[in-house]
Amino acid sequence: MSEMVYDEAKCILACEHIARGIVRPILAKYSDPRSRAAALKPDGSIVTEADPEIESAIRAYLGSTFPTHGIIGEEGDATNPEARFVWLLDPIDGTESFHARLPFFGSLIGLVEQHAGRRTPLLGAVYVPEHDVLAIGNGTITTIDGVKVRMDSSPDLVLERLRMIVGDIASLGEQPVERITRLAKLAAEFRSAKTWGDCLGVIDMLQGRVHARIEAGLGIEDVVPFGPIFEGAGGCVTDWSGRSISEVISELPSLDDKRHAFEFVASANSDLHRRLLGSLSA
């Protein structure tokens with residue numbers, strides 16, 4: 001693939017191979033709970049042997065398939081982060097869930113184009129191995145296992161009939177007090193506000209079981225895939241102030257700047273999204 005040409009079909013096939021040709025076979029080796037021992041990383045989060053093993057295998061595959069592309073992963077150093085096309089990898093999103101044998105974890109894959117001073121997420125994929133479910137979105141179309149999906153586009157959604165996912169409480173608790181207060185007030189308007197996030201929460205939103213998701217304190221590997229996935233299904237994704245993922249990551253000095261923590265709001269449609277942003281900024 002030329003450095004200047006984006007072959008979407010080839011990249012989608014790559015996501016499919018990563019999910020079921022790399023992630024699933026490796027995780028099969030960790031079916032015994034004793035094989036999921038975890039160690040603490042410097043930031044206080046945990047890592048298992050499976051995390052770097054999966055990322056290393058994905059890196060090797062992408063490096064041979066797309067030699068001019070960059071790769072940024074959660075567990076390793078960046079490769080060619082200034083390339084026009086850069087892959088973002090979170091080999092196990094929800095390592096705590098994986099370690100605890102909870103079925104919420106999965107793998108996140110994103111592809112970003114850097115051109116003319118702007119960074120644009122082109123493709124996002126989420127794979128949930130415990131359910132063998134793969135969602136892929138390009139900002140226009142999102143599929144689950146090859147079948148197109150659309151989220152609820154009803155403009156008259158009533159909050160007290162809807163479910164919301166909120167992210168890690170510790171990360172949300174680091175937000176300014178006024179933001180926490182607004183979020184708590186907003187959550188109380190929904191029928192339920194649960195913390196069943198990780199990768200399975202993405203599938204839940206795409207399939208209509210959840211209508212909104214609000215998180216903070218995430219890495220770039222976590223947020224980049226969400227734009228193409230949710231927008232491709234008719235939803236919206238921004239930061240808490242309403243800026244797109246593209247706008248936020250375009251402001252970074254480099255895509256591999258690990259110092260920045262990201263936030264996002266995802267909604268089933270634009271009307272609901274405006275209501276959520278209004279509540280968070282009120």
Side-chain angles (χ1 to χ4, degrees), residues 40-46 74 90 93-97 99-100 102 104-106 108 126 151-152 157-206 209-227 229-231 235-252 257-282:
L40 281 177
K41 295 197 289 188
D43 64 0
S45 62
I46 65 170
E74 184 170 315
D90 189 346
D93 175 62
T95 305
E96 287 284 356
S97 294
H99 178 57
L102 297 171
F104 306 128
F105 67 90
L108 289 172
V126 56
M151 291 193 284
D152 195 335
L157 294 174
V158 180
L159 295 189
E160 54 263 33
R161 299 177 185 170
L162 307 182
R163 299 182 184 93
M164 178 171 71
I165 291 175
V166 293
D168 179 71
I169 297 300
S171 297
L172 290 170
E174 295 175 354
Q175 298 295 307
V177 173
E178 62 272 14
R179 298 186 97 192
I180 299 173
T181 301
R182 291 170 189 153
L183 175 58
K185 183 178 178 180
L186 174 62
E189 296 182 42
F190 280 76
R191 185 168 79 185
S192 70
K194 305 293 186 180
T195 57
W196 56 32
D198 296 338
C199 287
L200 185 58
V202 177
I203 304 299
D204 287 333
M205 280 198 66
L206 294 176
R209 291 187 285 270
V210 179
H211 288 81
R213 182 169 177 170
I214 299 176
E215 295 211 36
L218 300 181
I220 191 169
E221 302 90 352
D222 300 313
V223 297
V224 162
F226 292 151
I229 290 173
F230 287 132
E231 290 168 4
C236 297
V237 185
T238 66
D239 71 1
W240 288 28
S241 64
R243 296 183 304 165
S244 70
I245 302 296
S246 178
E247 289 177 289
V248 174
I249 66 174
S250 293
E251 295 176 354
L252 297 175
D257 183 354
K258 299 285 188 177
R259 298 169 296 176
H260 192 86
F262 295 86
E263 60 188 37
F264 77 91
V265 179
S267 307
N269 62 54
S270 58
D271 293 291
L272 177 59
H273 202 76
R274 282 191 292 270
R275 291 167 66 186
L276 298 191
L277 292 178
S279 297
L280 290 172
S281 61

Residues at least two apart in sequence or cross-chain that pass salt bridge (charged side-chain N to carboxylate O under 4.0 Å, His left out) with D204, listed by chain then number, are R209
Residue set satisfying salt bridge (charged side-chain N to carboxylate O under 4.0 Å, His left out) with E178, at least two apart, ordered chain then number -> none
Output all residues satisfying ring-ring contact (aromatic ring centres under 6.0 Å, His included) with F264, sequence neighbours left out; order by chain, then residue number.
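Expected list: F226.
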For F104, the ring-ring contact (aromatic ring centres under 6.0 Å, His included) test, sequence neighbours excluded, returns none
* **Carboxylate-amine/guanidinium proximity below 4.0 Å for K258 and E221** => yes
Any carboxylate oxygen within less than 4.0 angstrom of a Lys/Arg side-chain nitrogen, looking at E263 and R179?
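Yes.
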Would the distance check show the side chain of [X] and the main-chain N or O of [Y] forming a donor-acceptor pair, the cut-off being under 3.5 Å?
| X | Y | value |
| --- | --- | --- |
| D198 | L200 | no |
| Q175 | L172 | no |
| N269 | D152 | yes |

Would you compute the distance between atom [atom1] of [X] and atom [atom2] of [Y] and round it to the nearest 0.5 angstrom?
| X | Y | atom1 | atom2 | value |
| --- | --- | --- | --- | --- |
| C236 | F230 | SG | CZ | 11.0 Å |
| I214 | M164 | CD1 | CE | 4.5 Å |
| L218 | E215 | CG | CD | 5.0 Å |

Can you confirm whether K194 is buried at NZ, in the sense that more than 12 heavy atoms of other residues, nucleotides or ligands lie under 6.0 Å from that atom?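 Count not over threshold, so no.
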Sorted by chain and number, sequence neighbours left out, side-chain hydrogen bond (donor to acceptor under 3.5 Å, both in side chains) with D90 holds for none
Quiz item: Will you find, in the side chains of H211 and S267, an N or O donor that is under 3.5 Å from an N or O acceptor?
Solution: no
Side chain to side chain donor-acceptor pair (under 3.5 Å), paired with D271, selected from H273, R275, R274: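 Among the candidates, only R274 passes.
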Contacts satisfying salt bridge (Lys or Arg N to Asp or Glu O under 4.0 Å) that involve residues 157-172 (not counting sequence neighbours) are none
